[in-house]
Amino acid sequence: MTFDQILERTKPYAIGLVVGLFAAPIIGFNAGWITTTTASTQAVEEARVAALAGICSSAAGRMASASSTDLATLKGYDNRAKRDELVATIMTDIQVPADILGRVSTSCSRSLS
């Protein structure tokens, strides 16, 4: 077998290797199979905020029903101060890390509006 024959037989494999090395990262990142550390960290933080905001809004519902208050009265821009006061009261009972406290409070208030 001569060198030209070996080169001719390995040519498709070499082309496949080059195309694969180029296409694999593009396909992997776009399909979501590969994530970066920053994206993973942001996803975890968003999940923490969403979970704690859900706890806050359910506690608001329980507090409103215990005090015979309708949550519909807290909806709208005009009732923002009352809503923020209710959220602040609830947030004192929930142990929320300081780094996401503001985001949880905002998310909880938005879920009530």
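Interatomic distance, Met91 CE to Leu52 CG, rounded to the nearest 0.5 Å: 7.0 Å. Leu101 CG to Thr106 OG1: the interatomic distance, rounded to the nearest 0.5 Å, is 9.0 Å.
The environment of CD in Gln5 is crowded: more than 12 heavy-atom neighbours from other residues, nucleotides or ligands sit within 6.0 Å.
Heavy-atom minimum distance, Val104 versus Ala53: CG1-N, 3.9 Å. In terms of heavy atoms, Gly20 sits closest to Pro25 at O-CD, 4.3 Å. Between Ile94 and Cys56, the shortest heavy-atom distance links the atoms CD1-CA, 3.7 Å.
Screening residues 23-35 for salt bridge (charged side-chain N to carboxylate O under 4.0 Å, His left out), with sequence neighbours left out, gives no hits. Listed by first and then second residue, the salt bridge (charged side-chain N to carboxylate O under 4.0 Å, His left out) pairs involving residues 100-113 are Glu45-Arg103, Glu46-Arg103 (not counting sequence neighbours).
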